Undergrad: 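Got a structure for you, questions after.
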Amino acid sequence: MAAPRLVVSRIHPRPVMRWSHCFVPTLKEVPADAEIVSHQLLLRAGLVRKLAGGLYTFLPLGVRVLRKVEAIVREEMNRAGALEVLMPALQPPEIWQASGRYETARDVLFKLKDSAGREWVLSPTAEEVITTIAAAELNSYRQLPVNFYQIGIKFRDEIRPRFGLMRAKEFYMKDAYSFDATDEGAMASYRKMYDAYNRIFARCGIQAFPVEADTGVIGGNYSHEFMVPAVTGENDVVYCETGGYAANIEKATSRGSVVPTPKGRTGEAPESFATPGVVTIEALTAAPYSVPAHAQIKTLVYVADSKTILILLRGDDQLNEAKLMARTGAVQVRAATADECQAALGARPGSLGAVARVPATIKVYADEQLRGAQGMTTGANEDGFHLRHVEIERDIRVDQWADFRTVKAGEADVATGEPLKIRRAIEVGHVFKLGTKYSEKLNATFLAENGQRHPCVMGCYGIGVTRTVQAIIEQCHDKDGIIWPTSVAPFEVCLTPLNVAEGAPTRVLAESIYAELTAAGIEVILDDRDERPGVKFKDSELVGFPLRLNLGEKSLAKGEVELKPRGQVVQMIPVAEASARIIAWVQAERARIRQSAGVA
RNA sequence: CGGGACGUAGCUCAGCCUGGUAGAGCACUUGGUUUGGGACCAAGACGUCGCAGGUUCGAAUCCUGUCGUCCCGACCA
């Protein structure tokens with residue numbers, strides 16, 4: 001018997017990307033798990049699959065998109081002068097204790113133990129690690145400024161993962177950290193990142209606009225979030241169309257309520273009146289009391305870092321907890337329980353007030369909207385009774401006035417006086433000026449020109465790469481599927497011969513056009529599946545390739561092929577021009593996007 | 001952490017109320033017919049009905065617990 005002949009296949013340097021070999025498990029039906037359209041399309045287009053709540057596997061096409069976004073981020077970070085590093089995701093808890101975030105971030109921090117019983121944390125960000133590096137390695141002002149970044153997997157113990165990649169337990173993120181010798185230097189570093197972020201999102205083909213943001217538990221004093229407008233977003237953005245003001249609702253301010261606060265002096269003393277069963281602002285506005293909400297004082301009992309405090313707001317205003325934390329410096333705040341209210345003021349929620357029986361140990365905060373308020377009605381600190389004729393500055397001990405209220409749509413912009421609008425948005429990026437919070441705690445100091453030792457002035461800058469992928473889908477889709485911007489599409493062109501038989505003219509032509517496009521640097525997928533045309537058309541539109549070329553025998557007989565930009569009408573073009581037209585189309589799209597980002 | 005809903009084939013779901021040993025469509029395999037917008041015919045394969053207890057002669061179905069998934073809430077006194 002003859003020995004079997006060993007056939008060694010030649011490895012092609014760049015094998016033809018055929019749909020049949022690409023693993024694109026598209027779904028006709030909407031997965032039951034997915035609520036929002038971008039999440040549905042991620043699954044339906046075969047980009048990701050769920051492993052468990054908040055944990056996703058990226059499939060080949062999904063990885064291609066992720067890598068494209070990542071490449072844009074990396075290019076622009078490099079352009080901005082940042083230096084790429086790679087830090088461990090597994091980190092010792094000691095540095096988290098040193099920064100204080102072992103406590104303040106404990107709700108989102110994954111912890112685990114190794115076989116020796118030693119504890120570790122999984123990194124949600126890396127301020128502690130990079131500051132440790134800075135403490136050891138940055139010794140002189142001559143080494144500053146410097147900006148380190150990394151791109152990798154981060155972990156957050158989300159209490160409620162949702163919306164696919166939007167809020168996940170594990171996600172892909174770019175995080176950067178700048179170190180400067182001076183405050184002005186830090187502002188310049190911040191500005192560089194701010195500009196880079198604008199370029200990054202423009203190059204991803206989405207509209208993301210910067211808004212003023214609260215800094216939250218991470219600390220610092222100057223911050224912007226980059227927001228993608230979307231009804232499915234988890235943030236409310238307040239903005240003024242004419243003046244350009246835009247802020248996260250946690251931070252936003254206005255000239256105040258459109259309904260003026262009552263200030264007519266009555267001269268009458270506070271008077272108790274019976275309000276049996278009335279425990280809401282709403283109930284007191286009804287007959288027989290008929291006290292409008294804006295003439296009521298809402299008294300909130302809060303526990304801020306285990307201290308009981310009172311916050312007074314106008315009855316029609318909402319407390320903004322982010323502002324409460326910012327104004328009081330508290331790290332954790334929560335509403336007091338009914339029992340705690342009883343203990344503090346002697347009454348149940350619904351009858352609380354600050355006029356009487358407020359122990360001196362309880363600090364009283366009041367919202368600016370209440371300044372000068374007279375003729376107000378508030379709880380009497382006696383169940384079933386309220387007080388009328390209250391003048392806040394005469395009758396209530398206010399320890400601190402500040403802005404604690406949540407801005408409402410229609411209120412006047414501070415700068416222009418124009419009415420503010422509110423819309424939902426997805427946060428895809430965040431830039432902070434951190435100051436010296438971490439450098440002081442972790443001893444990242446340098447020797448200045450004058451020989452003095454100073455803590456580095458830091459900034460930190462994040463982009464949710466996986467979340468950005470989903471935000472792109474949320475903004476770029478129609479009823480048929482995704483419409484990828486060319487810059488992030490898994491492939492730029494989908495070649496679709498309708499007859500794929502070996503030697504069929506459509507197949508032969510598709511292969512030769514594939515070679516020409518690939519040689520010109522275009523990213524092409526060849527749909528070689530022996531499927532009916534409808535299946536191939538639906539799939540390519542679901543996945544969302546920016547440009548498709550249909551090669552059918554009927555039009556080919558007339559010397560034509562069909563150019564189908566995603567979301568636009570078909571154009572018939574001569575066969576001989578096909579490759580050149582496609583190359584021109586793709587290059588024009590690439591250039592258009594780069595120009596819009598100002599990096600042409 | 002509180003509330004709600006749901007866990008049945010790879011996917012979307014029916015069956016559960018009224019207990020009697022599991023179904024449809026899509027997808028998959030084989031053969032045939034089709035071939036420009038998610039084809040048709042025939043045959044086939046695919047299930048510890050989330051898991052664990054309990055009730056019962058008998059449980060996908062009723063009860064208890066548990067795990068998982070999704071949604072709402074965790075400011076509105």
Side-chain angles (χ1 to χ4, degrees), chain A residues 25-36 39-40 43-44 46 49-55 107 157 159-164 167 232 234 236 249-250 275 277-284 293 296-302 310-325 333-342 344-345 347-354 367 378-381 383 386 404-406 408 480-481 496-501 504 506 529-542 548 550-557 561-562 564 570 572:
Chain A
T26 56
L27 302 172
K28 259 196 260 194
E29 299 191 79
V30 179
D33 276 356
E35 178 81 0
I36 68 174
H39 186 195
Q40 294 170 353
L43 293 163
R44 290 191 56 211
R49 284 295 183 264
K50 184 174 75 174
L51 175 66
L55 299 172
D107 290 344
D157 190 1
I159 40 176
R160 189 179 159 203
R162 58 177 144 179
F163 302 148
R167 185 165 290 279
T232 54
E234 295 190 272
D236 281 310
I249 194 141
E250 295 182 339
T275 51
V278 172
V279 293
T280 62
I281 300 283
E282 175 79 22
L284 206 55
Q296 299 184 39
I297 298 171
K298 181 189 287 189
T299 307
L300 304 177
V301 182
Y302 258 72
L310 294 190
I311 305 105
L312 309 183
L313 293 162
R314 227 172 70 171
D316 57 341
D317 275 335
Q318 314 278 326
L319 175 65
N320 186 324
E321 284 196 354
K323 289 183 180 178
L324 179 63
M325 293 168 80
V333 300
R334 63 169 176 87
T337 64
D339 287 343
E340 287 168 332
C341 291
Q342 178 87 45
L345 296 178
R348 313 292 293 178
S351 304
L352 300 174
D367 183 75
T378 188
N381 274 346
D383 286 350
H386 280 75
F404 293 107
R405 63 191 291 275
T406 303
K408 290 188 280 239
D480 295 316
T496 309
L498 300 189
N499 182 351
V500 295
T506 52
R529 294 174 302 166
D530 186 14
E531 287 285 356
R532 297 167 68 84
V535 172
K536 300 170 80 155
F537 294 159
K538 287 287 185 192
D539 267 350
S540 77
E541 281 155 22
L542 176 59
R548 186 176 72 219
N550 299 338
L551 303 118
E553 283 171 331
K554 284 178 198 161
S555 46
L556 204 54
V561 289
E562 294 170 6
K564 173 77 169 70
V570 165
M572 305 300 299

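Just the heavy atoms: all of them, side chains too, but no hydrogens, waters or symmetry mates, feed the values below. The shown structure was predicted, so the numbers you read here are calculated from the model rather than taken from an experiment. Within every chain, numbering begins at 1; the chains are lettered A, B, ... in the order of the sequence lines, protein sequences first and strands thereafter.
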Undergrad: For H39(A), what residues pass the ring-ring contact (aromatic ring centres under 6.0 Å, His included) criterion, not counting sequence neighbours?
TA: Y56(A)
Undergrad: Should the side chain of Q318(A) and the base of rC76(B) be counted as holding a donor-acceptor pair, with the cut-off at 3.5 Å?
TA: yes
Undergrad: Starting at the 5' end of RNA chain B and moving along, which residue's nearest nucleotide shows up first, P349(A) or G552(A)?
TA: G552(A)
Undergrad: So, applying side-chain contact (heavy atoms from CB on, under 4.5 Å) with L319(A), which one of D367(A), L313(A), V333(A) is it?
TA: L313(A)
Undergrad: List the steps, then state whether side-chain contact (heavy atoms from CB on, under 4.5 Å) holds for K298(A) with I281(A).
TA: CA-CA 8 Å; K298(A) 181 189 287 189; I281(A) 300 283; 4.1 Å; yes
Undergrad: Base, backbone or nothing for each nucleotide of nucleotides 2-14 of chain B, written B, S, -, heavy atoms under 4.0 angstrom, 5' to 3'?
TA: ---------BSS-
Undergrad: Counting only heavy atoms not in E282(A), do more than 12 fall under 6.0 Å of its CD?
TA: no
Undergrad: When you measure from the side chain of T406(A) to the backbone N and O of Q318(A), does any donor-acceptor pair fall under 3.5 Å?
TA: yes
Undergrad: Out of rG38(B), rU69(B), rG36(B), which nucleotide sits closest to the side chain of K50(A)?
TA: rU69(B)
Undergrad: Could you pick out which residue, A335(A) or K564(A), lies toward the 5' side of RNA chain B when each is mapped onto its nearest nucleotide?
TA: K564(A)
Undergrad: Using the 3.5 Å cut-off, write out each protein N or O paired with an N or O of nucleotides 43-48 of chain B and the distance between them.
TA:
none

Undergrad: Under the rule for side chain to side chain donor-acceptor pair (under 3.5 Å), what residues qualify as partners of E531(A), not counting sequence neighbours?
TA: none
Undergrad: Under 3.5 Å for both donor-acceptor distances, Watson-Crick or wobble: does rG2(B) have a partner, and if so which one?
TA: rC72(B)
Undergrad: Using the side-chain heavy atoms of E541(A), tell me which of these nucleotides is nearest: rA74(B), rG37(B), rG36(B).
TA: rG37(B)
Undergrad: Looking only at side-chain atoms of R548(A), point me to the closest of rG38(B), rG37(B), rC76(B).
TA: rG37(B)
Undergrad: Please identify each residue that fulfils side chain to side chain donor-acceptor pair (under 3.5 Å) with D539(A), with sequence neighbours left out.
TA: T26(A), R529(A)
Undergrad: My understanding is that a pair needs two contacts under 3.5 Å, Watson-Crick or G-U wobble. By that rule, which nucleotide pairs with rA42(B)?
TA: rU30(B)
Undergrad: Taking the side chain of T26(A) as heavy atoms from C-beta outward, which of rA77(B), rG38(B), rU69(B) is closest to it?
TA: rG38(B)
Undergrad: Quantified in whole Å, what is the C1' atom distance between nucleotide rC67(B) and nucleotide rG50(B)?
TA: 8 Å
Undergrad: Could you go over nucleotides 32-35 of chain B and give all protein N or O partners under 3.5 Å, atom names and distances?
TA:
residue : atom : partner : partner atom : Å
rU34(B) : O2   : R532(A) : NH1          : 2.8

Undergrad: Can you tell me which residue among E562(A), K536(A), M572(A) is in a side-chain contact (heavy atoms from CB on, under 4.5 Å) with N550(A)?
TA: E562(A)
Undergrad: Looking at R162(A) and E35(A), is any side-chain nitrogen of the basic one under 4.0 Å from a carboxylate oxygen of the acidic one?
TA: no
